[in-house]
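Note that the coordinates shown come from a computational prediction; the quantities given were computed from them, not determined experimentally.
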Amino acid sequence: MESLALHSFSTATTTSFSISSRTSLQLRSKPISKSSHPSIFPSSSFPTLRSPLKPLLFSPLSKQPKPLLSLICSNSQNDNSPHPETTTPSPPQGAKLLPFFVSISIGLIVHFLVPKPVDVTPQAWQLLAIFLSTIAGLVLSPLPVGAWAFLGLTTSIVTRTLPFTTAFSAFTNEVIWLIVISFFFARGFVKTGLGDRIATYFVKCLGKSTLGLSYGLTLSEALIAPAMPSTTARAGGVFLPIIKSLSLSAGSRPGDSSSRKLGSYLIQSQFQCTGNSSALFLTAAAQNLLCLKLAEELGIIISNPWVSWFKAASLPALVSLLATPLILYNLYPPEIKDTPDAPAMAAKKLENMGPVTRNEWIMVATMLFAVTLWVCGETLGIPSVVAAMIGLSILLLLGVLDWDDCLSEKSAWDTLAWFAVLVGMAGQLTNLGIVSWMSGCVAKILQSLSLSWLAAFGVLQASYFFSHYLFASQTGHVGALYSAFLAMHLAAGVPGVLAALALAYNTNLFGAITHYSSGQAAVYYGAGYVDLPDVFKMGFVMASINAIVWGVVGTFWWKFLGLF
């Protein structure tokens, strides 16, 4: 789903940060000894920060209607280079033939050529075939995911595998609507400029060194994550523009050797920290809510989910968040170690933004109110989705958002469509006995290997994590494998709550292993500061380090909390 959010910011507007030679950003030259670090503003390599048309803008969003990924790629070029007019070819119409036939063939092979197990009903086997074709299409993309999911839903009705009301029952699912409303909250953060202001404040406080700058960006994302549950929105709408502006000011440009001065490190650090920020809070990523809903389908009910999630994630996530920038600082070091002018840049930007606006104060108050209801909702008898509905109603009534903002949030409505299809099919597969049959088969295999539940837990978690190399979407991975892997855990004797939460945490952590593993991966890689081999190398290294941190710290912490 996060990859879908790449298209949700093409018309949003935020505060711009103009860097001009009349401010404290005036470039200055000074001799550099071997014992001193280079200035963040080397005058010889980067004499001016102006394009032919306007000052360099610190603006996360463009008003022009083009996809964010295209905007990022175009901005990653030399600001002073001319942009010749080019003719963009029309996108291909209809389904891509090869992915279409491969996706359809998978379902047909399962339905007609693979022998149906005796314990499985014909209806369940037919639904499994449709589900596998749907999942294959989400990976291979013969059509946009929403369109392909709708085809799968239509097929289940036309073949009389599911009645109409059953097929569409998940469209009333509370968790799915909570995800949709969360997208609207993210738009409010971008529209008001509140997320940008928070991140800039942290840069002002901690940005005197490159390492401090990285910690400032990391901590600011962790702070706004529970109220901005799209990792792609945070990456493309708030943090990438800040990183690019700071990097360009230091003479660190994408696509050449200067990228290693500052930009490559900041991109890698923020990219690798995003997964831990998303894992820290239930509402920090949409796939978190989906995981708990799928766990509920298997009978695992987590009481007071927002608090329970945070308690279990808090210690390992915070340790990883604090360790990641320092580890990368040594494994993938920037050439510039000191950034004395970054706080002045941030201070100038805050000055240009002016005092906190009425809409920003309303946004702060509304999100504090919503988070309070999420934390205390079980005690007060207010479901999480109702708390979100109240928050959105406040934003609409007070004019922070208008209905056109909601209607133009295409990724939210697209998510409603294909999440509902996946959740509905997964729920029916559970009801028809497919999941229990699969988990029983795995249980027999694990028993034959004489593995303890703890060993089985490690093997299954690692398999779930590294299988993400085959996926280009975190939520697509959840829809395809979460229920099956959770059922395998249960069959192996792993405590249900522990298994459900650990799989959900891993769903966030594997979002940084490749350049296609998540929406934020496409955003950060598209900036042009990190070479593809480095993405894979550092993705694997940091995934291993995260596994160690969460495995060691998490095990002791979860034992202390009584999860096993």
J.: Angle between ring planes, Trp453 versus Phe457, binned at 30° and 60°: parallel, tilted or perpendicular?
T.: perpendicular
J.: With His111, which residues qualify under ring pair (Phe, Tyr, Trp, His ring centres under 6.0 Å), at least two apart?
T.: none
J.: Hey, does Leu396 have a side-chain heavy atom less than 4.5 Å from the side chain of Trp403?
T.: yes
J.: Any luck finding a side-chain donor-acceptor pair between Trp306 and Thr283 under 3.5 Å?
T.: yes
J.: What are the two closest heavy atoms between Ser463 and Phe485, and how far apart are they?
T.: CB-CE2, 3.9 Å
J.: So, does Thr161 use its side chain to make a donor-acceptor pair with the main chain of Ile157 at under 3.5 Å?
T.: no
J.: Report yes or no: does Ser408 contribute a side-chain atom to a donor-acceptor pair with the main-chain N or O of Asp405 at less than 3.5 Å?
T.: yes
J.: Report, as yes or no, whether the 6.0 Å neighbourhood of atom NZ on Lys116 holds more than 12 heavy atoms from other residues, nucleotides or ligands.
T.: yes
J.: Is there side-chain contact between Val494 and Leu454, with heavy atoms separated by less than 4.5 Å?
T.: no
J.: Distance only, no hydrogens: is a donor on one side chain within 3.5 Å (strictly under) of an acceptor on the other, for His489 and Gln461?
T.: yes
J.: Side chains of Gln520 and Thr231 only: does a donor on one sit below 3.5 Å from an acceptor on the other?
T.: yes
J.: Any chance CZ of Phe536 has more than 12 other-residue heavy atoms, nucleotides or ligands included, within less than 6.0 Å?
T.: yes
J.: Any donor and acceptor pair, going by atom type alone, linking the side chain of Asn288 with main-chain N or O of Phe281 inside 3.5 Å?
T.: yes
J.: Does any non-hydrogen side-chain atom of Lys96 lie less than 4.5 Å from one of Pro99?
T.: yes
J.: Side chain to side chain donor-acceptor pair (under 3.5 Å) with Ser278: which of Glu221, Arg234, Gln287?
T.: Arg234
J.: State whether a side-chain donor-acceptor pair under 3.5 Å links Asn276 with Trp550.
T.: yes
J.: Hey, can you tell me if Phe271 and Tyr524 have their rings parallel, tilted or perpendicular (30° and 60° cut-offs)?
T.: tilted
J.: With no hydrogens and no angle check, is any side-chain donor or acceptor of Asp402 less than 3.5 Å from a backbone partner on Asp404?
T.: yes
J.: Using the ring of each side chain (for Trp, its six-membered ring), is Phe510 parallel, tilted or perpendicular to Tyr464, with breaks at 30° and 60°?
T.: tilted
J.: Judged by atom type as modelled, is there a donor-acceptor pair below 3.5 Å linking the side chain of Ser308 to the main-chain atoms of Ser303?
T.: yes
